[in-house]
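For ligands, and for the atoms within them, numbers begin at 1 and follow the listed sequence. None of the values given here were measured: they were computed from a predicted structure.
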Amino acid sequence: MKGCFITIEGIEGVGKTTNLKFIQAWLEKQGIEYISTREPGGTDLGERLRELLLHGGDVSSEAELLMMFASRSQHLEKLIKPAIDQGKWVICDRFTDSTYAYQGGGRQMNLSSIESLETLVHKNVQPDLTLLLDAPVEIGRERAAKRSAADRIEAEDLAFFNRVRDMFLARAKQYDRFKVIDATQSLEDVQTNIETSLEHLLQRESV
Ligand code: T5A
């Protein structure tokens, strides 16, 4: 049996990394084999591209888009697809919805170019469940600022991140695989919501 593919999305600071650890613990409790990974990154090549993308100085919008998909192509072929085929669950901190949100929404790049790259790179792979942690930009930025200094993308302005958030929410309306979780709740409540979504997915996969 194939494994499930779960992605976790949202603007900076909404709790993706924190809740990824919660999902790992839940999967361990269920005895489900999994890998946990992130984008950009996840492979040697992807992690080198991540460093350039986040800390590498000036990068044009088009180069940024292509680097996101170059990282994703390597990630899908070398890590994600083989794990799913072996029956492992894959949890990924950000995936292609982030490209639609940041490059499409934030940078206002042409969505049809993103769709073409998605078709080329994904082939038939899509997440089974996308957890969108949603909070106003001000809250996310405040939480992220406490954690570390801003990287190249985090240095963008409020309007940029409001467009990013709007694009995430628009995609969540469009695709059934999304579960939107109010990330302004206490961490405990957020994790109760996540657990419910994971239980539904597990039930669906067991029939
Ligand atoms: N990018 C990525 C693109 O532009 N295009 C793409 O295609 C892709 C894949 C990656 C960057 O690349 C861009 C988007 C990003 O700018 P990243 O490091 O993966 O960067 O993402 P960030 O969003 O920057 O990661 P952060 O670590 O900032 O945010 P998280 O992971 O959402 O937040 P987390 O878990 O670190 O939590 C932040 C703080 O909030 C607290 C936590 O304890 C922590 O201190 N917290 C809560 N506090 C109160 N209540 C809650 N419910 C809380 N949840 C968490």
Side-chain angles (χ1 to χ4, degrees), residues 7-25 36-43 45-47 49-56 59-76 79-80 91-109 111 113-115 117-118 121-122 127 130-158 160-165 167-168 171 180-195:
T7 56
I8 182 154
E9 296 279 9
I11 56 164
E12 344 288 302
V14 283
K16 295 175 299 298
T17 310
T18 307
N19 288 299
L20 202 81
K21 293 188 187 110
F22 172 79
I23 300 173
Q24 290 172 354
S36 176
T37 185
R38 67 174 179 180
E39 287 210 349
T43 62
L45 176 65
E47 290 296 327
L49 287 167
R50 179 186 177 94
E51 183 57 29
L52 291 170
L53 278 160
L54 302 187
H55 307 288
V59 180
S60 75
S61 295
E62 220 161 81
E64 182 179 271
L65 174 66
L66 293 168
M67 286 161 82
M68 292 295 176
F69 271 106
S71 164
R72 183 161 303 132
S73 174
Q74 185 80 353
H75 200 195
L76 275 163
L79 193 74
I80 297 176
I91 352 167
C92 191
D93 192 340
R94 297 191 180 279
F95 194 59
T96 303
D97 296 304
S98 277
T99 310
Y100 280 96
Y102 284 79
Q103 283 65 51
R107 302 239 186 269
Q108 301 178 291
M109 296 185 77
L111 295 184
S113 308
I114 302 179
E115 276 162 15
L117 289 166
E118 180 184 20
V121 167
H122 278 223
T130 298
L131 297 165
L132 173 58
L133 299 177
D134 179 59
V137 171
E138 293 79 356
I139 293 184
R141 295 191 92 178
E142 198 183 306
R143 287 185 193 162
K146 278 191 204 143
R147 192 219 42 202
S148 60
D151 60 39
R152 189 181 62 82
I153 298 175
E154 281 169 346
E156 292 293 338
D157 63 14
L158 217 62
F160 176 94
F161 287 103
N162 275 314
R163 289 195 299 275
V164 171
R165 182 186 182 204
M167 181 63 80
F168 273 132
R171 288 183 64 76
V180 182
I181 294 170
D182 176 3
T184 64
Q185 300 177 100
S186 69
L187 195 53
E188 201 186 4
D189 288 347
V190 167
Q191 293 179 344
T192 303
N193 290 175
I194 291 178
E195 190 162 20

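- For the pair C92/E39, a side-chain contact is recorded, criterion being any heavy-atom separation below 4.5 Å from C-beta on.
- Comparing T7, L54, T18 by heavy-atom distance to atom 11 (C) of ligand 1, the nearest is L54.
- Taking CZ from R141 and NZ from K146, the interatomic distance works out to 14.5 Å, rounded to the nearest 0.5 Å.
- For atom 36 (O) of ligand 1, the nearest protein heavy atom (residue, atom name, distance) is R147 CD, 3.8 Å.
- Between D151 and ligand 1, a contact under 3.5 Å exists for no N or O pair.
- Residue contact check: E154 has heavy atoms under 4.0 Å from atoms 24 (O), 28 (O) of ligand 1.
- Of the listed residues (R94, E12, E9), the one carrying the non-hydrogen atom nearest atom 21 (O) of ligand 1 is R94.
- Salt-bridge formation is not detected for the pair E138/R143: no Lys NZ or Arg NE/NH1/NH2 atom is positioned less than 4.0 Å from an Asp or Glu carboxylate oxygen.
- Every atom of ligand 1 with a heavy atom of A183 under 4.0 Å away is listed here by number and element: 52 (N).
- Close contacts between ligand 1 and P40 involve ligand atoms 2 (C), 8 (C), 9 (C), 12 (O) [criterion: under 4.0 Å to a heavy atom].
- Residue R72 holds its CZ atom at 10.5 Å from CZ of R94, rounded to the nearest 0.5 Å.
- Residue F95 has no nitrogen or oxygen atom sitting less than 3.5 Å from a nitrogen or oxygen atom of ligand 1, judged on distance alone.
- Remark: atom 19 (O) of ligand 1 lies closer than 4.0 Å to at least one protein heavy atom.
- Closest protein heavy atom to atom 31 (O) of ligand 1: T17 OG1, 2.7 Å.
- Counting heavy atoms closer than 4.0 Å to ligand 1, residue A101 contributes nothing at all.
- The single protein non-hydrogen atom nearest to atom 13 (C) of ligand 1 is I153 CD1, 3.8 Å, given as residue, atom name and distance.
- Distances from atom 17 (P) of ligand 1 to the heavy atoms of K16, R38, R50, Q103 put R50 nearest.
- Nearest heavy atom pair, residue V59 against residue L52, reads CG2-O, 4.1 Å.
- Within ligand 1, the atoms closer than 4.0 Å to a non-hydrogen atom of T99 are 6 (C), 7 (O), numbered from 1 in the order shown.
- One finds the CZ atom of F95 at 11.0 Å from the OH atom of Y100 (value rounded to the nearest 0.5 Å).
- What sits closest to atom 38 (C) of ligand 1 on the protein, heavy atoms only, is G13 O, 3.9 Å.
- Looking at ligand 1, you won't find any N or O of M68 less than 3.5 Å from one of its N or O atoms.
- Put simply, the side chain of N19 does not reach to within 4.5 Å of the side chain of L131, judged on heavy atoms.
- A salt bridge between R107 and E62 is absent, with no side-chain N of the basic residue lying under 4.0 Å from a carboxylate O of the acidic one.
- E47 places a side-chain N or O within donor-acceptor distance of the main-chain N or O of G42, the cut-off being under 3.5 Å.
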CA sep, side-chain torsions, deciding dist, call: K16, D93, salt bridge (Lys or Arg N to Asp or Glu O under 4.0 Å)
CA-CA 7 Å; K16 295 175 299 298; D93 192 340; 5.2 Å; no

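- Using a 4.5 Å heavy-atom threshold, the side chains of F69 and I114 count as touching.
- Looking at heavy atoms from C-beta onward, R152 lies out of side-chain contact with H55 at the 4.5 angstrom threshold.
- Applying the 4.0 Å criterion to heavy atoms of E39 picks out, from ligand 1, the atoms 9 (C).
- Residue G15 places at least one N or O, backbone or side chain, under 3.5 Å from an N or O of ligand 1.
- Only the side chain of R72 comes within 4.0 Å of ligand 1, judged by heavy-atom distances.
- At a 4.0 Å heavy-atom cut-off, ligand 1 touches Q185 through the backbone alone.
- With hydrogens and angles ignored, the 3.5 Å screen pairs no side-chain donor or acceptor of R165 with any backbone N or O of I11.
- Of the candidates E188, K146, R143, the one placing a heavy atom closest to atom 39 (C) of ligand 1 is R143.
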